[in-house]
Structures are given as structure tokens and as C-alpha cells.
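Only one structure is covered here, and it is reproduced in the block below.
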Amino acid sequence: MRVLVVPEEQAAHLAADAVTAALQRAVAERGRAVLGIATGGSPLRLYRALGERVRAGEVDASLLQGFLLDEYVGLPAGHAESYREVVRRDLQVHVPLADHAVLGPDPHTGDHAAAALAYEEAIAAAGGVDVQVLGIGGNGHLAFNEPGSPFDSRTRLVELAPRTREDNARYFGGDVSAVPVAALTQGLATIAAARELVLVASGAAKAQALAAALEGPVDVACPASLLQLHPRATVVLDPAAASLLA
Ligand SMILES: N[C@@H]1[C@@H](O)[C@H](O)[C@@H](COP(=O)(O)O)O[C@@H]1O
């Protein structure tokens, strides 16, 4: 695991370096590349920086396919805070992935187990994820794998922890009751199967989770501690997020 601590503005560029290199490697090997997409505030600057790389011709967006980490269950299709819409706003305006080239778990089928399985199959059919962008929850969650999620978990329906719903209320006008109670999420084993992981985090609110994830025991109590086991993981932090690291 590589941990880089730099000012936030520089962090996005270092993370974009890692993501770009992984995508270029995949394109050189297989003629295309699969990007794993995280939502939330953490990767916003990274996605802008990645857009610059695309405009500079370092990455050909037409060769990319994207898979979301997770999706809320219970929002109407097209809801502004559904992760499919968030990805349109936060990633696709910078990195022009075609709509058909971006998939997320489908929360509208009425059969969440079947949708979860179909999503795993779609990722496998694409050849797996080349580089997975990650944020980290304040409680150490990855995607919507809350503390206690098994390391061998796959895409499935999960209930959101109260802390996660409170943290995410800021995207729902501050109203916790508007935050869905469930989601479909890639499992920890699904995430760990990506060939490369790039986690970005900033701010003191993430410091405790990062100390547990990077320097604590590898344990389901902190789902993000699985990064310690991954052969190609890069973590890019600003000084505040890194402030509790030894
Ligand atoms: N499901 C997402 C995660 O994928 C994300 O990493 C995390 C942190 O979000 P933020 O970057 O906005 O702090 O929260 C959300 O709940």
C-alpha cells in the first residue's frame, strides 16, 4: 500500500496520475479499460483532474467503461441524488463516458438479489475493474459496506448505518429522513477484485477512520482496512485526513 500525504489540490493530481496510469496500462493490454466509480465529495477534484487528462489526450474516454460502487434503493429513477445522476454531474461532465458505458446496480427491478447477481455478471463480462476509485465513510465504510460487512461479501442489498445516513443528509437538504435506508452495494470482495485501488480522502472528519483503516488491525469493524491486503492500493490524503496516522 502506498500512502501519499499532500495538500488537497495536489492530491487530486497525484490520484489522477495513478488512475490515468492504470487506465493506460489496461488500454495497452486489452484495448479498453474499466473504471470503478465512487460517488461523494472526496473524488470530485480527482474527476476534474481526470477530465484534464482526457482533454490532453492521455486517456481516450471512448475506450472506457464505468461501474458504480453502489446505488441507493428507494429513490425514484432520475432522482438528483441517485448515484447514477450524481455520476452524470460529477464525473461524466469532465470525463465524457457514454451513458450506455456506465452501469450501476439497478435498484428498480423489484428483485434486488437478481439485480445484484446481474451486476456482478456485468462486471465480470467487462473483464473486471482495472482501477477502482474509493472514498471512505466517517465510520470506515467502503461503498455502502458498513462496519461488520464480511470481507468475502459480493454485491447485495444492505441497510445503511444511522451514521452514514446522517453524514449523507447534507446531500438531501440536511434532512436525514429523506436519505434512503437501503442500498445496493458492491461487496468488499467485489471491490478487492479490482486490479488497482485509489482511495482519496481529505479533512479531519476522516482522520479517525483512516488511522483505523491504514494502521489498525485488518478487521471487518473497519471495512476500509481491506486496503492493507490489496497488492496495488494507493491512498492519497491531505494533511488533515492524515493527522492521526503514526
Ligand atoms: N457510498 C458513499 C461512499 O462510496 C463514499 O466514499 C462515502 C464518503 O463520502 P464523501 O466523500 O462525500 O465524504 O460516503 C458514501 O456513503
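Counting starts at 1 for both ligands and their atoms, in listed order. FYI, side chains are in, hydrogens and waters are out, and symmetry mates aren't considered; it's all heavy atoms of this structure.
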Note the single closest protein heavy atom to [atom], along with its residue, its atom name and the distance in Å.
atom                    : value
atom 14 (O) of ligand 1 : His141 NE2, 3.3 Å
atom 1 (N) of ligand 1  : Asp70 OD2, 2.8 Å
atom 8 (C) of ligand 1  : Ile136 O, 3.5 Å

Test your reading of the structure: does Pro43 have an N or O sitting under 3.5 Å from an N or O of ligand 1?
no
Hey, do the aromatic rings of Tyr171 and Tyr83 have their centres closer than 6.0 Å?
no
Atoms in ligand 1 flagged as close to [X], the criterion being non-hydrogen separation under 4.0 Å:
X      : result
Phe144 : 1 (N), 16 (O)
Lys206 : 8 (C), 10 (P), 11 (O), 13 (O)
Tyr83  : 1 (N), 2 (C), 15 (C), 16 (O)
Gly41  : 10 (P), 11 (O), 12 (O)
Thr39  : 5 (C)
Gly135 : 6 (O)
Ser42  : 10 (P), 11 (O), 13 (O)
Arg170 : 10 (P), 12 (O), 13 (O)

With heavy atoms under 4.0 Å as the rule, classify the contact between [X] and ligand 1 as side chain, backbone, both or neither.
X      : value
Asn168 : side chain
Arg165 : neither
Asp167 : neither

Does Ala143 reach ligand 1, in the sense of a heavy atom lying below 4.0 Å from it?
yes
Does Gln186 come within less than 4.0 Å of ligand 1, judged by its heavy atoms?
no
So, does [X] use its side chain to make a donor-acceptor pair with the main chain of [Y] at under 3.5 Å?
X      : Y      : value
Ser153 : Leu188 : yes
Glu71  : Ser82  : no
Thr185 : Gly187 : no

Glu166 with Arg163: basic N within carboxylate O range, under 4.0 Å:
no
Does the pair Asp99/Arg84 count as a salt bridge with the N-to-O cut at 4.0 Å?
yes
Do Leu184 and Leu75 sit in one hydrophobic cluster, given that two such residues count as connected whenever their side-chain heavy atoms are within less than 4.5 Å of each other, even indirectly?
no
If you group Ile, Leu, Val, Met, Phe, Trp and Tyr by side-chain heavy-atom gaps below 4.5 Å, do Leu142 and Val86 land in one group?
no
Salt bridge (Lys or Arg N to Asp or Glu O under 4.0 Å) assessment of Arg45 paired with Glu8:
CA-CA 9 Å; Arg45 287 167 186 257; Glu8 199 183 1; 3.6 Å; yes
The one among Ala201, Gly40, Gly138 that brings a heavy atom closest to atom 9 (O) of ligand 1
Gly40
Walk me through whether Glu81 and Arg89 qualify under salt bridge (Lys or Arg N to Asp or Glu O under 4.0 Å).
CA-CA 10 Å; Glu81 289 309 321; Arg89 288 199 302 272; 3.4 Å; yes
Can you tell me if Thr155 and Glu120 form a side-chain donor-acceptor pair at under 3.5 Å?
yes
